[in-house]
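Counting starts at 1 for both ligands and their atoms, following the listed order.
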Amino acid sequence: MGEYLKKCVRCGQCRYVCPVLEVAGKESASPRGKVFLAGLLQRGEVKPGPQADRILSLCLTCGACAAECPSGLPVDTIIKSARNLSASVHPHSPHRIMQRSLFSKLRTLEKFPGFMPLLRYAMAREYGLKPGSPARSVLPVITSPKRRKPRIRVGYFLGCATNYILPGIARSVVGVLTHLGCEVVIPPTSHCCGIPLVTAGEAEAAARLLEINRRSFKSFKLDAVVTDCSSCSFHLTDVGLYSVNSQPVYEFSEFLVSALNPDKPHGPLSGAAVACHSPCHFRHGRKLSRQIRQIIDIIPGIKVVDIPGGNSCCGGGGTFSLTHRSLSDDILQRYTGRIKSAGIQKLVTVCPSCIMQISRGLRSQEIPVCHPAEMLHASYRLPG
Ligand code: SF4
Ligand code: SF4
């Protein structure tokens, strides 16, 4: 981190793209301010503590600042490292223990009888969603294509939000991939990808999950690993789910475009005007751009409409929408205002967390937000 910090020339270019600064309006919330604080913490000129934690928490880790920085500073990574430094000083605070336990032990917690009812209650209250049974409990470990030999064997990294909250996405991903000739494997011992822990400054706990995930996927002979979540794709590609080569963990639309060349579905869908939302970890993290649109473009009857002013951060940022609700709502409302003005009937995106957050903002407009796998599943007229 030290070498990078020396490269900040305080030009302030990162300030123009930061969604948190736009609504918070103070320098300490700016990327430049947080880089400055990271330097003070690293040199021991400021003590880690609640005040530093509070300032460092004012970040969605969207990566827009890093994409803009002329000195090439990985600003979001610097902020995560500073959070880690700060967290290491008080690792046993109740808040930290709770956070660590939740994301490290989700697979254990899910076995408690009250887990799903509590989650359903919270999701209905917060997002108006009614999650059914977790995807893992209804999908087989291995699904093979019907009536033909598999052309490729794919590991499906099933993220937490999809598994517990939006399991319909997982059914669609498996349905579409097998329809296109893939054998789909969901390793039963895989866990959370670890990104919520990294953004919370819990790098060690995240590294333990990475090892579990590496072992889980290594135990199957796979040609590629695919996920429906752009944040999981970004994180697992960044830290290397594969310890021995630099193959990416493909985001779903990226995989379809680059590896499968999907055939045109037959079924026209109603709800003709659709806009595509490119999540931050898709654009800035994985540096992907047109893949969602390329997939939606093959569906008959769909007209893709641009969002006026282009794509923006939705303000979700994992737990940011819970810990900084008012700032998150301000960011969300600015964005959904533009989405509404596009006159669309549906929004499509590749991040379950964005789906939840933007659905919250578009609830009153009755504009559904969905995953491209769900649209393809419907257009291919697949069962289930
Ligand atoms: S754009 Fe980069 S160099 Fe300029 S202030 Fe921000 S972090 Fe520093
Ligand atoms: S990662 Fe995003 S939210 Fe965080 S400082 Fe950079 S631009 Fe702002």
Side-chain angles (χ1 to χ4, degrees), residues 1-43 51-87 195-201 203 206 230-231 233-235 238-239 277-288 309-335 351 353-354 357-358:
M1 179 160 84
E3 278 312 300
Y4 277 126
L5 289 169
K6 284 185 204 148
K7 288 191 191 165
C8 178
V9 293
R10 313 250 173 98
C11 64
Q13 204 154 313
C14 50
R15 300 177 83 256
Y16 298 106
V17 293
C18 177
V20 176
L21 177 62
E22 193 183 341
V23 292
K26 52 184 179 187
E27 176 63 15
S28 59
S30 77
R32 182 174 66 181
K34 285 169 279 196
V35 167
F36 186 66
L37 174 60
L40 294 175
L41 283 166
Q42 205 242 349
R43 294 190 298 274
Q51 203 184 351
D53 281 354
R54 194 179 46 75
I55 293 171
L56 291 169
S57 75
L58 293 170
C59 173
L60 292 145
T61 66
C62 68
C65 46
E68 204 64 27
C69 174
S71 303
L73 262 81
V75 183
D76 50 329
T77 306
I78 290 171
I79 293 168
K80 285 182 265 187
S81 300
R83 286 177 180 175
N84 203 51
L85 188 71
S86 193
I195 196 169
L197 289 165
V198 172
T199 52
S230 53
S231 291
S233 165
F234 164 56
H235 178 66
D238 194 36
V239 295
H277 164 70
S278 294
C280 299
H281 290 154
F282 183 82
R283 287 184 290 146
H284 307 307
R286 289 295 325 285
K287 311 231 177 325
L288 300 171
N311 274 266
S312 294
C313 177
C314 67
T319 54
F320 185 91
S321 62
L322 302 173
T323 54
H324 295 287
R325 176 47 71 96
S326 156
L327 289 174
S328 174
D329 280 353
D330 285 352
I331 297 168
L332 178 64
Q333 276 161 21
R334 287 172 192 222
Y335 190 34
C351 168
S353 171
C354 293
Q357 167 83 344
I358 302 175

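Ligand 2 has I79 within reach: a non-hydrogen atom of the residue lies less than 4.0 Å from it. A heavy-atom separation below 4.0 Å is not found between C65 and ligand 1. Residue contacts with ligand 1 include G12, since one of its heavy atoms falls under 4.0 Å from the ligand. Remark: distances from the non-hydrogen atoms of V75 to ligand 2 are all 4.0 Å or more.
Expressed to the nearest 0.5 Å, how far NE2 of H324 lies from OG1 of T319 amounts to 8.5 Å.
Atom 3 (S) of ligand 1 has its closest protein heavy atom at V9 N, 3.4 Å. Ranking the protein heavy atoms by distance from atom 8 (Fe) of ligand 1 puts C8 SG, 2.4 Å first. The protein non-hydrogen atom at the shortest distance from atom 2 (Fe) of ligand 1 is C69 SG, 2.3 Å.
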> Do C354 and H277 pass the side chain to side chain contact (heavy atoms under 4.5 Å, CB included) test, and can you show the C-alpha distance, the side-chain angles, and the key distance before you say yes or no?
Replying inline: CA-CA 9 Å; C354 293; H277 164 70; 3.5 Å; yes

>> Using the rule given for side chain to side chain contact (heavy atoms under 4.5 Å, CB included), can you reason through K34 versus I55, listing the C-alpha separation, both sets of side-chain angles and the distance that settles it, and then say yes or no?
In response: CA-CA 7 Å; K34 285 169 279 196; I55 293 171; 4.1 Å; yes

> Stepwise, does the side chain to side chain contact (heavy atoms under 4.5 Å, CB included) test hold for E27 with F36?
Replying inline: CA-CA 10 Å; E27 176 63 15; F36 186 66; over 6 Å; no

>> Please evaluate residues D76 and H284 with respect to the criterion side chain to side chain contact (heavy atoms under 4.5 Å, CB included), reporting the C-alpha separation (whole Å), side-chain torsions for both, the decisive distance (0.1 Å), and the verdict.
In response: CA-CA 11 Å; D76 50 329; H284 307 307; over 6 Å; no

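At least one N/O/S atom of C14, whether from backbone or side chain, sits less than 2.8 Å from atom 6 (Fe) of ligand 1. Atom 4 (Fe) of ligand 2 lies at 2.8 Å or more from every N, O or S atom belonging to C18.
Within the 4.0 Å heavy-atom criterion, the part of R32 lying near ligand 1 is the side chain and not the backbone. Residue C11 touches ligand 1 through backbone and side chain together, judged by heavy-atom distances below 4.0 Å.
Across all their heavy atoms, A203 and N84 have their closest contact at N-OD1, 3.0 Å.
Remark: the S81 side chain and the Q42 side chain contain no N/O donor-acceptor pair separated by less than 3.5 Å.
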